[in-house]
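For reference, the structure is listed below as C-alpha cells.
These numbers come from a predicted model, not from an experiment.
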Amino acid sequence: MTGMPGWYPDPGGEPDSYRYWDGVSWSAEATGDPHRAPPETMTQGAVPSRPHAARWLVLITVVAVLVAAGSLAVRFRDPPSDQPVLFPSPTAGAPEDGSSVQSRSPQSSTSTLSPRAIGCPVGAPDARAPHPTDGRVRGGNLSFPRLSAFVPEHPENRLTFAYDVTQQTRTVSLDPPWIAQLALGRLLADGYPRTAQHTAELVTECVVASDLYRSHRPQRRDLDSSPITVSGVDGWLITADVLVDVPDLAFEGDHVAVVVVPDGADWGVFFGAVPIGDPALAKSLTRTVLGLRVG
C-alpha cells in the first residue's frame with residue numbers, strides 16, 4: 001500500500017539509516033532513530049491529523065468499493081513443508097503441525113460481490129494500551145515476533161475502524177512509494193458481527209475501502225476463508241489479492257491476510273500485506289501469521 005508519512009529505511013541503502021517520507025518526497029536529513037519527530041523542514045507538508053489523534057492519522061471516508069470476481073489462485077513459491085500456505089491453489093491444504101497457529105480445512109474460492117457502501121465502525125487506532133517490551137510487536141490481545149528486516153513498530157492510523165494499532169513496515173517501492181506492512185489491533189464488539197468469520201469479512205472489506213487502497217481503484221480477489229487457531233483460541237483467516245491501478249508500480253498489488261481472534265467480548269485483529277510476486281516477503285507474512293500469539 002502507499003507509504004504514509006514517516007521514517008523509512010534509507011532509499012539509498014545506507015545501513016541503520018532512515019529518511020522521512022512526507023507523501024511527496026524524501027527528506028535530505030537522515031537519522032538512526034525512526035521514532036523521532038519529522039524534520040522541521042517537512043512538517044508543513046505532512047498529512048494533518050485529527051485534533052484527538054496521534055501522529056500520522058489520516059481520516060478515512062467510507063465509500064463505495066468496486067469489488068469484482070477473480071479466478072486467480074495464488075500460492076507461495078516453495079513454501080517450507082511445515083508451514084501452511086496462505087495463498088493456496090484450489091487443491092492445496094494446510095497441515096496441522098502443532099504450531100501455535102493452525103489453518104484448518106481451507107477452501108480456496110473466488111467471489112462476485114456487487115459494489116456497495118461499506119459500513120465500517122469508527123475506532124481510534126492511536127488509542128494505545130500498555131504492553132510489555134519483550135521483542136514482540138503487540139496490539140490488542142495479539143502479538144508476533146519483531147522482524148529485523150522491517151522498520152521497528154510504529155502507529156498505523158489509517159486502520160480507523162480499530163483501536164490500539166501498531167505495525168512494522170518495509171519499503172518495497174520508492175517511485176511510486178509502496179510498503180509491505182504487518183499490523184495488529186483491537187476491534188470493539190459494538191459494531192462488529194458476533195462470529196469471527198463475519199467479523200473477518202467486514203475487516204477485509206474495510207481495509208480495501210480504507211485510505212490504504214481507496215484511491216487506487218482496488219479489486220479484491222478472495223483466495224481462502226477458513227478457521228484458524230491461535231494459541232488454542234478459535235478465530236478466522238481470510239487471504240486475498242488486492243489488485244490496484246498504480247502507474248509504474250512493478251507488481252499488480254498486494255497479497256493480504258486478515259486474522260480475527262476473540263479478545264473477551266471484543267476481537268483481536270491482524271492485517272498483513274506484501275507485494276504480489278515477492279516470494280521472500282510472502283514467506284515473511286506466513287511466518288508472522290504462524291508466530292501470532294494470544295496474550
Revision key, fill the gap. On a heavy-atom basis, the closest approach of L187 and D266 is O-CB, 3.2 Å
Review point. Can you name the nearest heavy-atom pair linking G253 to V244, along with the distance?
Key: CA-CG2, 3.9 Å
Practice item. Please assess V122 against F161 for the test side-chain contact (heavy atoms from CB on, under 4.5 Å), listing each intermediate value before the final yes or no. Key: CA-CA 5 Å; V122 177; F161 49 83; over 6 Å; no
Practice item. Check whether V269 and V294 end up in the same hydrophobic cluster, where Ile, Leu, Val, Met, Phe, Trp and Tyr are linked by side-chain heavy atoms less than 4.5 Å apart. Key: yes
Exercise for review: Would you indicate whether D134, at its atom CG, is surrounded by more than 12 heavy atoms from other residues, nucleotides or ligands within a distance under 6.0 Å?
Suggested key: yes
Review point. Looking at Q219, H255, R221, which one forms a side-chain hydrogen bond (donor to acceptor under 3.5 Å, both in side chains) with D241?
Key: H255
Practice item. Determine, for D164 against R128, whether the closest basic-nitrogen to carboxylate-oxygen distance falls under 4.0 angstrom. Key: yes
Exercise for review: Could you tell me whether E201 and R220 have a side-chain N and a carboxylate O separated by less than 4.0 Å?
Suggested key: yes
Check your understanding: Where do P262 and N141 come nearest, in terms of heavy atoms and distance?
Key -> O-ND2, 3.0 Å
Practice item. Report the residue from R146, R138, R136 that forms a side-chain hydrogen bond (donor to acceptor under 3.5 Å, both in side chains) with E153. Key: R146
Check your understanding: Between H216 and W178, what is the ring plane arrangement, given parallel below 30°, perpendicular above 60°, and tilted in between?
Key -> tilted
Point to revise | Reported SG-to-OH distance for the pair C120 and Y192, which is rounded to 0.5 angstrom | key: 7.0 Å
Exercise for review: Work out which heavy atom in A162 is nearest to a heavy atom in V165; give both atom names and the distance.
Suggested key: CB-CG2, 3.7 Å
Point to revise | V208/V242 under side-chain contact (heavy atoms from CB on, under 4.5 Å): CA gap, chis, key distance, verdict | key: CA-CA 8 Å; V208 177; V242 179; 4.1 Å; yes
Exercise for review: Say whether, by atom type as modelled, one donor and one acceptor occur between the side chain of T171 and the main chain of S173 under 3.5 angstrom.
Suggested key: no
**Study point:** Hydrophobic cluster membership, W267 vs I238, 4.5 Å side-chain cutoff
**Key:** no
Check your understanding: What closest approach, in Å, do L292 and S231 show between heavy atoms, and which atom pair accounts for it?
Key -> O-OG, 4.3 Å
Check your understanding: Is T199 reaching over with its side chain to a backbone N or O of A196, donor-acceptor style, under 3.5 angstrom?
Key -> no
Point to revise | Exam field: side chain S215 to backbone D211, donor-acceptor pair closer than 3.5 Å | key: no
Review point. What heavy-atom pair brings A265 and A189 nearest, and what distance separates the two atoms?
Key: O-CB, 2.8 Å
**Study point:** From CA spacing to verdict: side-chain contact (heavy atoms from CB on, under 4.5 Å), Y213, V256
**Key:** CA-CA 12 Å; Y213 297 108; V256 302; 3.6 Å; yes
Practice item. Among R170, E156, R158, find the residue that satisfies the side-chain hydrogen bond (donor to acceptor under 3.5 Å, both in side chains) test when tested with Q181. Key: E156
Revision key, fill the gap. Between the CG atom in D254 and the CG atom in L212, the distance rounded to the nearest 0.5 Å is 9.0 Å
Practice item. Say whether V258 and W236 are linked into one hydrophobic cluster, either directly or through other cluster members, by side-chain heavy-atom distances under 4.5 angstrom. Key: no
Study note, to complete from the structure: In T229, V259, V260, V261, the residue satisfying side chain to side chain contact (heavy atoms under 4.5 Å, CB included) with L237 is V259
Exercise for review: Please check if the side chain of D278 supplies one atom and the backbone of L281 the other of a donor-acceptor pair under 3.5 Å.
Suggested key: yes
